[in-house]
Peer 1: 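Have a look at the structure that comes next, please.
All chains are named by letter (A, B, ...) in the order of the sequence lines, taking the proteins before the strands, and each is independently numbered beginning at 1. Quick caveat, the model's predicted, so the values are computed rather than measured. For the numbers below, each heavy atom of this structure counts, side chains included, while hydrogens, waters and symmetry mates do not.
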Amino acid sequence: MHVVVCIKQVPNTTEVKINPETNTLIRDGVESIINPFDENALEAALVLKDKTGCKVTVLTMGPPQAEAALREALSRGVDDVVLLCDRAFAGSDTWATSYAIAQAIRNLEKADLILFGKQAIDGDTAQVGPGVAEMLDLPVITYVRKLEVEGDKVKVERVFEDGYERMEVPMPAVITVLKEMNVPRMASLKGRMRAKKAEIKMLTAAAINADPEKVGLKGSPTRVVKIFSPPAKMGGMKIEGGEPQEMADVLVSKLRERKII
Amino acid sequence: MAEMNYGLTETQLEIRDMVREFAQERVKPVRAELDEKEIFPRELLNELGRMDLMGLYIPSEYGGFGAESMMDFLIAIEELSRVCIGVSVSYAANALGADPIIIGGSDEQKKKYLTPLAKGEKLAAFALTEPNAGSDAGGIQTTAVLKGDKYILNGTKQWITNGGEADIYSVLAVTNKNKGARGVSCFVLEKGMPGFSFGKKENKLGIRASATRELIFENCEVPKENLLGREGMGFIIAMKTFDVSRPGIAAQGVGLAQGALDEACSYARERIQFGRPVIANQGLQWMLADMATKVESARALVYAVARTFDSGAKDISKLSAMCKLYATDVAMSVTTDAVQVLGGYGYMREYPVEKMMRDAKILQIYEGTNQIQREVIGLSLVKEYASVK
Ligand SMILES: Cc1cc2nc3c(=O)[nH]c(=O)nc-3n(C[C@H](O)[C@H](O)[C@H](O)COP(=O)(O)OP(=O)(O)OC[C@H]3O[C@@H](n4cnc5c(N)ncnc54)[C@H](O)[C@@H]3O)c2cc1C
Ligand SMILES: Cc1cc2nc3c(=O)[nH]c(=O)nc-3n(C[C@H](O)[C@H](O)[C@H](O)COP(=O)(O)OP(=O)(O)OC[C@H]3O[C@@H](n4cnc5c(N)ncnc54)[C@H](O)[C@@H]3O)c2cc1C
């Protein structure tokens with residue numbers, strides 16, 4: 001089995017500043033870390049490796065400095081790392097990022113399971129995982145907190161605000177994971193020493209046969225108009241107990257009260 | 001501002017960084033609870049094992065990290081101690097338990113016992129002290145009598161760190177009453193051997209995360225091949241063990257004192273009285289200055305002893321006693337002053353310095369009280385100057 005984990009290097013702060021003129025993130029002078037949810041995806045892969053001896057490859061798209069995130073992954077015991085790095089990727093939106101990552105995965109040894117974090121703490125769109133699944137024409141399950149491989153299937157628990165689903169999906173599949181999944185391990189001393197000296201494989205746009213029209217700013221259809229925090233969700237109410245008929249009556253009167261119907 | 005350059009190797013810097021991170025991320029959030037509820041840090045030790053840190057002092061042919069450097073190990077102890085010495089003693093006591101095997105064990109004994117210790121799969125403890133034999137280690141009363149292919153042990157050991165939690169025990173017992181210290185032998189015992197049981201866990205002033213228990217031997221049967229070295233070598237093995245383990249206690253002192261200094265300085269910057277941070281008062285600055293100077297000089301001494309040992313020096317008893325004595329006295333005084341710097345807040349459980357002060361006291365007592373360290377140093381001076389003509 002081959003597990004690919006996609007990780008993103010992000011600034012170490014939950015309060016990234018935004019340049020009001022360009023509406024983009026200001027990244028200068030902030031320490032870089034592995035996106036926290038991606039740490040959980042990485043740990044999930046390492047747990048599978050401990051259990052089944054599967055191969056784990058970690059992939060990131062980013063500037064040359066993103067190498068540090070890959071060394072961290074190596075030190076924890078993954079088999080292989082790949083840095084997708086090319087000026088041509090600069091300015092990629094989530095579509096172009098997903099395209100480049102999908103293209104890279106096509107060029108790796110066939111992946112049975114592709115893991116992503118739930119979302120990146122800087123971009124926050126949660127689009128790249130599902131985007132890659134779409135481009136690779138694979139099934140995707142998001143917001144997973146528990147994962148088990150059984151034969152050629154993956155069994156998961158997918159979490160919502162008020163409950164969870166148990167699901168099963170045939171591999172190859174894409175899964176995005178939550179923080180509750182696990183506690184990421186710390187690297188071993190031998191792992192750290194090995195990772196320090198390791199050579200990091202870099203792949204360019206040409207190396208993954210990417211269509212130059214589909215990457216970078218040129219390949220990005222998104223235009224950011226405005227970035228803002230949406231208003232907090234109101235509490236809502238639950239109508240519980242009683243016969244369906246009565247509950248429906250309560251609902252209708254509430255809706256009338258608010259002049260919704 | 002420059003930091004002291006102790007010429008640490010790449011590996012040592014790596015160990016420092018990783019243990020520092022581990023202590024911050026894993027130990028700091030739980031240290032108060034471990035202390036309050038006296039919880040043995042089993043999970044933390046397991047993780048240190050997976051990080052290759054349980055084998056730092058074990059030779060590579062037995063599965064250790066292979067650097068075979070006292071300095072590597074001391075750095076790990078120091079960084080853990082900066083956050084909690086209840087955890088760091090539970091970690092370091094494994095080396096204390098294993099050192100007799102490293103010093104006096106056969107190749108077979110080393111393979112059997114050191115390999116699982118290096119991986120962190122098992123824990124070890126060292127048992128010398130008895131109710132009637134503390135500083136006077138030669139006064140132990142536990143006996144071991146050879147019967148056929150087994151030694152039969154009878155007696156009790158008191159206040160054994162990792163007692164009950166460890167799987168492997170280095171135990172000192174008398175094999176020949178008439179020979180005094182030369183009648184003492186060292187055995188490796190395993191938890192579960194017939195006639196080997198544990199007394200109650202002690203309720204302590206400090207290092208409450210660590211487990212301290214009594215070991216009870218009632219006609220305990222120990223296979224003959226579990227004797228380390230020959231009969232009568234026990235006392236020598238114990239003394240050589242202390243030579244290499246005392247710098248570890250010193251490293252606990254340095255780390256603990258550094259942790260207390262960190263807390264004192266950052267608190268003094270934030271606490272406002274008379275309209276300004278208390279650190280702006282010269283009276284307090286001088287206190288902090290003395291604390292910082294003591295910590296650095298203790299560190300310099302401990303590192304110098306480690307370096308001396310790592311470069312192959314044989315008899316380090318005096319040096320080892322000096323660094324244990326000095327660094328643990330520093331730890332006691334710096335943690336006490338740290339409580340003073342925090343004032344009433346320092347006395348409260350909400351802040352970590354009261355625990356640091358409670359913890360510090362043990363460092364002046366175990367592995368030989370500081371009076372005994374002075375005695376070791378004093379006797380060395382007597383010998384040294386007797387040979388000066
Ligand atoms: C118009 C536009 C222009 C942009 N221009 C730039 C720019 O010039 N420079 C810049 O740095 N960013 C730029 N971005 C941001 C960049 O597109 C996103 O950061 C990126 O697409 C990932 O989206 P996200 O952060 O929302 O990740 P999410 O979709 O929230 O991430 C989900 C998961 O996908 C994976 N993932 C995400 N990104 C990567 C990656 N790079 N490599 C591997 N795995 C990954 C991780 O597992 C992550 O947990 C731009 C975005 C837009 C919309
Ligand atoms: C928490 C804890 C953990 C321990 N862990 C272990 C362990 O893992 N293994 C183990 O074997 N032991 C362990 N010990 C025992 C420890 O090493 C002894 O407590 C220590 O050696 C002192 O012995 P004592 O307590 O009997 O004091 P005593 O020997 O009774 O000393 C009482 C006082 O007299 C002083 N004194 C004694 N002799 C002299 C002298 N010649 N000159 C000057 N002053 C003297 C001492 O310094 C002390 O102040 C532990 C103890 C504690 C409290």
Side-chain angles (χ1 to χ4, degrees), chain A residues 7 9-14 30-54 56 65 67-79 121 179-200, chain B residues 8-30 41-69 71-80 83 87 91 117-121:
Chain A
I7 67 172
Q9 198 182 44
V10 296
N12 185 12
T13 164
T14 37
V30 189
E31 183 208 8
S32 294
I33 56 168
I34 296 177
N35 180 42
F37 299 104
D38 304 355
E39 294 243 22
N40 300 102
L42 175 58
E43 179 62 25
L46 289 169
V47 168
L48 280 177
K49 182 177 165 67
D50 289 343
K51 273 195 203 142
T52 68
C54 64
V56 177
Q65 304 89 278
E67 188 192 288
L70 294 178
R71 283 195 197 278
E72 176 65 38
L74 267 178
S75 72
R76 293 191 201 175
V78 306
D79 299 286
I121 59 161
K179 223 174 174 51
E180 300 140 78
M181 178 85 120
N182 50 41
V183 178
R185 72 192 59 191
M186 299 187 89
S188 71
L189 180 54
K190 281 176 200 148
R192 288 172 72 113
M193 299 304 279
R194 208 181 314 120
K196 253 186 150 171
K197 293 180 180 92
E199 256 198 60
I200 305 292
Chain B
L8 301 185
T9 64
E10 202 186 330
T11 310
Q12 285 155 1
L13 291 171
E14 202 68 36
I15 292 170
R16 191 185 67 184
D17 291 350
M18 71 191 284
V19 181
R20 191 171 285 177
E21 204 181 311
F22 176 85
Q24 285 297 323
E25 281 183 23
R26 298 287 209 259
V27 185
K28 200 169 177 183
V30 299
R42 173 76 61 173
E43 293 280 311
L44 294 173
L45 296 178
N46 287 346
E47 192 165 12
L48 286 166
R50 291 192 292 269
M51 292 165 74
D52 302 328
L53 296 172
M54 293 302 267
L56 283 185
Y57 61 91
I58 292 177
S60 49
E61 63 254 55
Y62 306 110
F65 183 67
E68 280 139 51
S69 140
M71 188 72 117
D72 290 6
F73 188 44
L74 296 195
I75 285 170
I77 296 175
E78 180 187 341
E79 288 300 331
L80 276 180
V83 171
V87 172
Y91 169 72
L117 287 175
K119 291 197 194 117
E121 293 166 353

Peer 1: Going from CD1 on B:Ile15 to CZ on A:Arg192, what distance comes out if it is rounded to the nearest 0.5 angstrom?
Peer 2: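 These two atoms lie 10.0 Å from each other.
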Peer 1: Tell me, yes or no, whether the heavy-atom count around B:Glu43 atom CD, taken from other residues, nucleotides or ligands under 6.0 Å, exceeds 12.
Peer 2: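 Incorrect, the count does not exceed 12.
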Peer 1: Are the side chains of B:Met18 and A:Met186 in contact, using a 4.5 Å heavy-atom criterion?
Peer 2: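 Not touching, per the 4.5 Å side-chain cut-off.
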Peer 1: Please evaluate residues A:Val183 and B:Arg26 with respect to the criterion side-chain contact (heavy atoms from CB on, under 4.5 Å), reporting the C-alpha separation (whole Å), side-chain torsions for both, the decisive distance (0.1 Å), and the verdict.
Peer 2: CA-CA 11 Å; A:Val183 178; B:Arg26 298 287 209 259; 3.9 Å; yes
Peer 1: Among B:Met51, B:Arg50, B:Glu10, which residue has the highest count of heavy-atom pairs closer than 4.5 Å to chain A?
Peer 2: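 Highest number of heavy-atom pairs under 4.5 Å: B:Met51.
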Peer 1: By a 4.5 Å heavy-atom criterion (distance strictly below it), what part of B:Glu21 contacts chain A: side chain, backbone, both, or neither?
Peer 2: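 Both the backbone and the side chain of B:Glu21 come within 4.5 Å of chain A.
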